[in-house]
Amino acid sequence: MEKDHQIFGIRAIIEAISAGKEVDKVFIQKDAQGDLMRDLMKALKQNSINFSYVPVEKLNRLTPNNHQGAVASIAPIKFQDLETLVETVLESGRTPLFLILDQLSDARNFGAIIRTAECTGVDGIIVQKQGSAPVNGDTVKTSAGAVFNVPICKVEHIKDAIFHLQGSGIKTVAATEKTDSTIYDLSFNEPLAIIMGSEDRGINPSVLKIVDEKAKLPMFGSIGSLNVSVACGAFLYEAVRQRS
């Protein structure tokens with residue numbers, strides 16, 4: 001975590017949340033207690049801020065300062081409003097291409113995907129507030145700075161974002177092995193949002209039930225899956241190929 005993008009100390013984090021800072025994720029010491037910690041947890045839950053419980057050793061590695069059992073990462077970017085972004089893209093006259101990441105958790109995978117998204121002309125990336133990888137120093141580095149060029153939206157629930165996109169005339173396509181269709185069977189020439197799942201679980205079954213289309217990559221080796229950033233690149237470049 002970059003030192004310029006972190007806040008340590010319970011009261012300091014509460015004040016940052018109250019001031020509207022882009023608090024991306026908070027690391028909480030296991031078994032931490034006290035009235036101030038309860039106030040922090042209340043603020044995190046009210047604002048749907050991602051947090052996780054970690055050993056004190058991890059907090060000590062993040063900062064040598066008196067962290068009081070809590071260290072927060074501050075996103076180096078400002079997250080966009082989904083409805084405003086969709087409206088802007090539709091009004092631009094170009095064929096929209098969005099990317100939805102269903103609880104992708106690894107910051108380096110996130111950064112690699114952002115880099116590919118920038119190179120393929122993605123109009124915006126949509127992630128869920130809870131359970132998603134943070135935008136931190138690792139994300140910035142692996143994105144090669146592309147994180148500053150691609151709009152990123154944080155939403156309460158992925159399914160609500162999908163419903164909004166569908167209501168705006170944007171087709172949703174899930175990248176999943178649970179289908180007979182490959183990416184070469186589908187049209188990517190219309191307004192489109194591609195959905196990628198998490199590294200270990202893939203796309204949530206409840207999300208798969210509401211998407212418009214499902215597609216998979218043909219696999220010929222003995223290994224049954226690709227790294228999510230590699231698979232995402234294949235989907236995005238198929239969209240580029242069909243739209244060229």
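For the residue pair D24 and N50, no side-chain donor N or O sits within less than 3.5 Å of a side-chain acceptor on the partner. A donor-acceptor contact closer than 3.5 angstrom links the side chains of S105 and E199. Judged by distance alone, the side chains of T172 and Q166 do bring a donor and an acceptor atom under 3.5 Å apart. Counting only N and O atoms by type, the side chains of Q103 and S132 include no donor and acceptor under 3.5 Å apart.
Distance check: I7 CD1 to I10 CD1 gives 13.5 Å after rounding to the nearest 0.5 Å. The distance from atom CZ of F98 to atom CG of D123, rounded to the nearest 0.5 Å, is 5.5 Å. In this structure, NE2 on H157 lies 7.0 Å from OG on S48, to the nearest 0.5 angstrom. Between atom CZ of residue R243 and atom CZ of residue R94 there is a gap of 10.5 Å, rounded to the nearest 0.5 Å. Of the inter-residue distances, the one linking L226 atom CG with C232 atom SG reads 11.5 Å to the nearest 0.5 angstrom. Once rounded to the nearest 0.5 Å, the distance linking CG of L192 with CD1 of I195 reads 9.0 Å.
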| said: One pair to check against salt bridge (Lys or Arg N to Asp or Glu O under 4.0 Å): R115 and E118. What are the steps and the verdict? | reply: CA-CA 5 Å; R115 184 174 183 174; E118 201 273 345; over 6 Å; no

| said: Could you go through I17 and L40, starting from their C-alpha distance and side-chain angles, then the distance that decides it, and tell me whether this counts as side-chain contact (heavy atoms from CB on, under 4.5 Å)? | reply: CA-CA 9 Å; I17 295 170; L40 173 58; 4.3 Å; yes

| When you look at I14 and L36, which way does the side-chain contact (heavy atoms from CB on, under 4.5 Å) test go after all the steps? | CA-CA 9 Å; I14 292 174; L36 206 55; 4.3 Å; yes

| task | Report the C-alpha distance between L82 and H164 in whole Å, list the side-chain angles of each, state the deciding distance to 0.1 Å, and finish with yes or no for side-chain contact (heavy atoms from CB on, under 4.5 Å). | result | CA-CA 9 Å; L82 176 61; H164 179 73; 4.3 Å; yes

| request: Take Y53 and F51 through the test ring pair (Phe, Tyr, Trp, His ring centres under 6.0 Å) and record every step on the way to the result. | output: CA-CA 7 Å; Y53 293 103; F51 68 90; 5.8 Å; yes

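A continuous path of ILVMFWY side-chain contacts below 4.5 Å connects M196 to V230, so both sit in one hydrophobic cluster. Using a 4.5 Å cut-off between side-chain heavy atoms of Ile, Leu, Val, Met, Phe, Trp and Tyr, with links allowed through other members, Y184 and L236 fall into the same hydrophobic cluster. Hydrophobic clustering places V89 together with L165 (ILVMFWY residues linked when any side-chain heavy atoms are closer than 4.5 Å, directly or through intermediates). In this structure, I210 is a member of the same hydrophobic cluster as L208, with clusters built from ILVMFWY side-chain heavy atoms closer than 4.5 Å. Note on V150: it clusters hydrophobically with L104, by side-chain heavy-atom contacts below 4.5 Å among ILVMFWY residues.
Tested against F110 for a side-chain contact (heavy atoms from CB on, under 4.5 Å), the candidates N136, I152, V228, V147 yield a single pass: I152.
Here the side chain of Q130 pairs no donor or acceptor atom with the backbone of E156 at under 3.5 angstrom. E22 places no side-chain N or O within donor-acceptor distance of the main-chain N or O of K78, the cut-off being under 3.5 Å. Between the side chain of Q6 and the backbone N or O of L62 there is at least one donor-acceptor pair closer than 3.5 Å. N47 places a side-chain N or O within 3.5 Å of a backbone atom of A43 that can act as its donor or acceptor partner. Between the side chain of D212 and the main chain of K171, no donor-acceptor pair closer than 3.5 Å is present.
Not a single ring-ring contact (aromatic ring centres under 6.0 Å, His included) links F188 to another residue, sequence neighbours left out.
Ionic pairing of K216 and E177 is not present here: no N-O contact between side-chain nitrogen and carboxylate oxygen is shorter than 4.0 angstrom. Of the charged side-chain nitrogens involved, none lies within less than 4.0 Å of a carboxylate oxygen, so that R11 and D39 do not count as a salt-bridged pair. Salt-bridge formation is detected for the pair R108/D138: a Lys NZ or Arg NE/NH1/NH2 atom is positioned less than 4.0 Å from an Asp or Glu carboxylate oxygen.
S229 approaches N109 most closely through the heavy-atom pair OG-OD1, 3.9 Å. Nearest heavy atom pair, residue R201 against residue S198, reads N-OG, 3.2 Å. Heavy atoms only, all atoms of each residue included: T116 and G233 are closest at CG2-CA, 3.8 Å.
Remark: D180 CG is loosely packed, at most 12 non-hydrogen atoms of other residues, nucleotides or ligands lying under 6.0 Å away.
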